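Before any comments, here is the structure.
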Amino acid sequence: MKEKIGNLFFQPYSNDKKNILVIGPVPGKKYSEMVFPILSPDPATNKEAHFLKYPIYVGGNRGRGQIYPDGSKSNNTVYNASITGKVSKIFRKEKGGYEITIDDISDGHKVVDILPAGPELIISEGELVKVDQPLTNNPNVGGFGQGDAEVVLQDPLRIQGLLLFFGSVILAQIFLVLKKKQFEKVQLAEMNF
């Protein structure tokens with residue numbers, strides 16, 4: 001179970017609504033499905049717990065924001081060309097990221113677009129790009145996902161009683177069929193006399 005859960009962090013939505021859980025933020029590609037444990041209360045020790053259906057609401061925040069609070073882009077967004085022109089040079093930095101030099105077609109001046117580490121380039125040197133054309137892929141596979149389910153807390157004595165009831169019904173049916181066969185045999189014997 002611990003392997004399936006991983007290092008996910010779960011928290012209740014609020015103090016008065018403990019049945020609503022919030023998970024995340026988590027990477028979108030890794031956590032397309034999530035498994036999490038639910039500890040059921042014991043009505044024998046906890047007087048507030050009863051044998052009922054309990055709704056569970058789960059919300060997961062996949063991915064993370066595309067901009068920082070100061071307005072600068074994070075490495076979790078698409079980077080676009082700042083001008084229309086030809087990509088003359090792509091320089092890969094030591095610590096990751098790229099410096100892309102674009103020659104402006106109209107007047108020939110060069111513009112350097114700086115990309116942080118993380119996004120993958122989808123352009124190559126010598127390629128013509130237009131203004132606002134994506135230079136990187138969109139790594140932001142994410143968003144807010146939610147789901148709901150019901151957890152039924154059952155008393156073991158209820159289940160045992162239900163099984164005992166089903167067993168008695170099956171036995172009663174068997175005895176009724178046997179009694180009917182016996183009655184048919186008696187009627188057949190009376191008709192033969």
Side-chain angles (χ1 to χ4, degrees), residues 1-40 53-152:
M1 185 66 137
K2 189 167 185 166
E3 291 174 7
K4 290 182 181 178
I5 296 171
N7 294 327
L8 291 177
F9 180 71
F10 304 93
Q11 64 185 15
Y13 179 70
S14 67
N15 289 335
D16 59 331
K17 297 189 179 190
K18 302 264 185 197
N19 64 333
I20 301 175
L21 302 175
V22 178
I23 306 165
V26 295
K29 290 182 182 176
K30 185 176 179 184
Y31 291 105
S32 60
E33 289 186 9
M34 295 182 205
V35 174
F36 56 93
I38 297 177
L39 183 61
S40 64
K53 284 185 179 180
Y54 291 98
I56 302 286
Y57 305 101
V58 179
N61 186 10
R62 294 175 55 201
R64 55 191 177 121
Q66 290 95 24
I67 60 171
Y68 291 114
D70 65 356
S72 61
K73 287 186 171 184
S74 74
N75 66 349
N76 198 33
T77 188
V78 177
Y79 282 84
N80 300 324
S82 57
I83 60 167
T84 300
K86 183 177 183 182
V87 178
S88 61
K89 182 179 177 187
I90 298 176
F91 175 71
R92 184 174 177 84
K93 298 180 190 175
E94 273 186 40
K95 294 185 178 182
Y98 298 94
E99 287 183 3
I100 300 172
T101 306
I102 302 174
D103 294 334
D104 192 347
I105 292 176
S106 61
D107 62 4
H109 79 279
K110 297 181 185 236
V111 174
V112 177
D113 287 343
I114 298 173
L115 282 64
E120 292 179 33
L121 283 180
I122 57 172
I123 52 132
S124 57
E125 285 188 21
E127 193 173 328
L128 289 174
V129 293
K130 295 179 182 171
V131 69
D132 290 333
Q133 177 181 336
L135 302 174
T136 63
N137 67 340
N138 187 358
N140 190 23
V141 178
F144 188 80
Q146 62 187 20
D148 56 34
E150 286 186 346
V151 176
V152 179

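Nothing here was measured: the structure is a model prediction, and the numbers come from that model. Residues: numbered from 1 along the sequence shown.
Interatomic distance, Ile100 CD1 to Lys89 NZ, rounded to the nearest 0.5 Å: 12.5 Å. With rounding to the nearest 0.5 angstrom, the OH atom of Tyr79 is 10.5 Å from the CD1 atom of Ile114. Note that the CD1 atom of Ile83 and the CG atom of Asp104 stand 4.0 Å from one another [nearest 0.5 Å]. Of the inter-residue distances, the one linking Leu135 atom CG with Ile123 atom CD1 reads 5.0 Å to the nearest 0.5 angstrom.
The two atoms that bring Ser88 and Asp103 nearest to each other are CB-OD2, 3.2 Å, heavy atoms only. Scanning all heavy atoms of the two residues, the minimum distance from Val78 to Asn137 falls at CG2-O, 4.0 Å. Pro134 approaches Asn80 most closely through the heavy-atom pair CA-OD1, 3.3 Å. Between Leu128 and Gln133, the closest heavy-atom pair is O-OE1, 4.0 Å. Ile102 approaches Ala81 most closely through the heavy-atom pair CD1-CB, 4.1 Å.
For Asp107, the side-chain hydrogen bond (donor to acceptor under 3.5 Å, both in side chains) partners at least two apart in sequence or on another chain are His109.
Judged by distance alone, the side chain of Asp148 and the main-chain N or O of Pro55 form no donor-acceptor pair under 3.5 Å.
Under a cut-off of 6.0 angstrom, the local environment of NZ in Lys93 is crowded, with over 12 non-hydrogen atoms contributed by other residues, nucleotides or ligands.
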> side-chain contact (heavy atoms from CB on, under 4.5 Å) between Leu121 and Tyr98: does it pass, once the steps are laid out?
Replying inline: CA-CA 9 Å; Leu121 283 180; Tyr98 298 94; 3.5 Å; yes
